[in-house]
S.K.: 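Mind looking over this structure? Questions follow.
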Amino acid sequence: MNQTIVKRYYQNTKGGLILICGNEQAIFSLEFLKSKPDFENDTSYALGKKACTQLQEYFSGERQQFDISCAPQGTPFQKRVWLALQKIPYGQLWTYKDLAELVECPKGYQAIGQANGKNPIPIIIPCHRVVAKNGPGGFSAGMKMKYFLIKTESAKRR
């Protein structure tokens, strides 16, 4: 997929200020921003707008699945993990062990955790639904955001 022309769209949501980057075919990344960026919002970026609308619906409890084409860039192993993350149902928490078994890497908890942490499209690719055996694990946007997302979904361990 050609990623040379990247569009950017940001919006303040119930989950905070979010930046979507991609093209008209797919999004490549979702970032949580601390402040408004120093560039103009690309209001012509229809897929970015759609992603933000769906995120608003998700944060409000009106949406459980996203209808957004994603093209995250990573290693083949990372992509395998990110594809597996999308199989975790809304409202369920899986352990790193559960995810490792799904990607047929049963002893690779650390590798699974590292791939999970490099997910460039959090929420839409739900890495927040993965927790450690004895606790919440980590989250690239911080633990406050992870707890917010788990609470939004009223998520429970499977």
Side-chain angles (χ1 to χ4, degrees), residues 1-88 90-94 96 99 103 110-132 135-155:
M1 178 173 292
N2 182 357
Q3 293 188 13
T4 55
I5 300 174
V6 175
K7 296 183 173 222
R8 302 180 292 191
Y9 185 82
Y10 60 88
Q11 183 173 322
N12 205 1
T13 70
K14 195 173 182 180
L17 186 59
I18 292 178
L19 171 65
I20 302 290
C21 297
N23 61 26
E24 290 301 342
Q25 288 75 46
I27 64 171
F28 310 144
S29 67
L30 180 159
E31 296 177 47
F32 297 91
L33 303 176
K34 297 206 183 305
S35 60
K36 185 178 173 190
D38 61 356
F39 57 83
E40 288 297 314
N41 210 4
D42 188 346
T43 57
S44 71
Y45 183 28
L47 192 57
K49 285 182 184 180
K50 180 179 177 181
C52 285
T53 297
Q54 290 190 12
L55 285 161
Q56 289 282 43
E57 293 166 354
Y58 167 82
F59 292 134
S60 298
E62 301 166 27
R63 174 175 292 278
Q64 294 185 0
Q65 294 181 328
F66 293 93
D67 178 23
I68 299 290
S69 179
C70 298
Q73 296 301 298
T75 67
F77 178 74
Q78 288 170 333
K79 289 179 181 182
R80 213 167 88 211
V81 171
W82 301 335
L83 191 60
L85 287 170
Q86 295 174 70
K87 295 178 181 175
I88 303 174
Y90 179 93
Q92 277 192 21
L93 298 177
W94 286 21
Y96 292 104
L99 194 57
V103 298
Q110 186 174 11
I112 294 294
Q114 289 172 345
N116 200 44
K118 296 216 185 267
N119 172 16
I121 311 173
I123 305 174
I124 295 172
I125 298 177
C127 55
H128 62 280
R129 294 180 187 154
V130 180
V131 295
F139 189 60
S140 60
M143 294 312 295
K144 185 176 179 181
M145 178 56 72
K146 184 166 187 165
Y147 289 127
F148 171 73
L149 297 172
I150 290 170
K151 184 178 178 184
T152 296
E153 295 186 20
S154 301

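Quick note: residue numbers are just sequence positions, from 1.
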S.K.: For Lys50 and Ile68, which heavy atoms make the closest approach, and how far apart are they?
M.R.: CG-CD1, 3.7 Å

S.K.: Does Lys118 NZ have over 12 foreign heavy atoms under 6.0 Å away?
M.R.: no

S.K.: On the 0 to 90° scale, with breaks at 30° and 60°, tag the His128-Phe139 ring pair as parallel, tilted or perpendicular.
M.R.: perpendicular

S.K.: Checking side-chain contact (heavy atoms from CB on, under 4.5 Å) for the pair Leu17/Lys34: CA distance, chi angles, key distance, verdict?
M.R.: CA-CA 7 Å; Leu17 186 59; Lys34 297 206 183 305; over 6 Å; no

S.K.: Between Ile121 and Ile20, is there a side-chain heavy-atom distance shorter than 4.5 Å?
M.R.: no

S.K.: Hey, what do you get for NZ (Lys144) to CG (Leu149), rounding to the nearest 0.5 Å?
M.R.: 12.5 Å

S.K.: Counting neighbours of CD on Glu62 that are heavy atoms of other residues, nucleotides or ligands and sit closer than 6.0 Å, is the number greater than 12?
M.R.: yes

S.K.: Starting at CD1 of Ile18, measure out to OG1 of Thr13 and round the result to the nearest 0.5 Å.
M.R.: 3.5 Å

S.K.: Looking at every non-hydrogen atom in both residues, tell me the closest pair between Asn23 and Phe28 and how far apart they are.
M.R.: ND2-CZ, 3.4 Å

S.K.: Which heavy-atom pair separates Tyr45 from Ala26 by the least distance, and what is that distance?
M.R.: OH-O, 3.8 Å

S.K.: So how far is it from Leu85 CG to Gln78 CD, rounded to the nearest 0.5 Å?
M.R.: 11.5 Å

S.K.: Which heavy atom of Gly137 sits nearest a heavy atom of Tyr96, and at what distance?
M.R.: CA-OH, 4.0 Å

S.K.: Phe32 versus Pro122: any side-chain heavy-atom pair under 4.5 Å?
M.R.: yes

S.K.: Show your reasoning for whether side-chain contact (heavy atoms from CB on, under 4.5 Å) applies to Tyr9 and Ile27.
M.R.: CA-CA 10 Å; Tyr9 185 82; Ile27 64 171; over 6 Å; no

S.K.: Does any donor atom in the side chain of Tyr58 or Gln64 lie under 3.5 Å from an acceptor atom in the other side chain?
M.R.: no

S.K.: Hey, what do you get for SG (Cys70) to CG (Leu83), rounding to the nearest 0.5 Å?
M.R.: 11.0 Å

S.K.: Walk me through it: do Arg8 and Leu19 pass the test side-chain contact (heavy atoms from CB on, under 4.5 Å)?
M.R.: CA-CA 7 Å; Arg8 302 180 292 191; Leu19 171 65; 3.9 Å; yes

S.K.: Grab the two heavy atoms, one from Glu24 and one from Leu47, that are nearest each other, plus how far apart they are.
M.R.: OE1-N, 3.6 Å

S.K.: Report yes if some heavy atom in the side chain of Pro120 is under 4.5 Å from a heavy atom in the side chain of Gln73; otherwise report no.
M.R.: no

S.K.: Just by distance, with hydrogens left out, do Thr43 and Asn41 show a side-chain donor and acceptor under 3.5 Å apart?
M.R.: no

S.K.: Kindly check if the number of other-residue, nucleotide or ligand heavy atoms within 6.0 Å of CD (Gln65) is above 12?
M.R.: no

S.K.: Checking salt bridge (Lys or Arg N to Asp or Glu O under 4.0 Å) between Glu153 and each of Arg129, Lys146, Arg63, which is the one that passes?
M.R.: Arg129

S.K.: Mind listing the closest non-hydrogen atom pair of Trp82 and Ile125 along with its distance?
M.R.: O-CG2, 3.5 Å

S.K.: Measure from the side-chain N and O atoms of Arg80 to the backbone N and O of Val103, and report whether any donor-acceptor pair falls under 3.5 Å.
M.R.: yes

S.K.: Would Asn119 and Ser140 count as a side-chain contact (heavy atoms from CB on, under 4.5 Å) if you check the C-alpha gap in whole Å, the side-chain angles of each, and the deciding distance to 0.1 Å?
M.R.: CA-CA 8 Å; Asn119 172 16; Ser140 60; over 6 Å; no

S.K.: First locate atom CD1 of Ile150, then atom CG of Leu93, and finally report the distance between them rounded to the nearest 0.5 Å.
M.R.: 5.0 Å

S.K.: So, taking the atom named NZ in Lys36 and the one named CZ in Phe39, what distance separates them when rounded to the nearest 0.5 Å?
M.R.: 10.0 Å

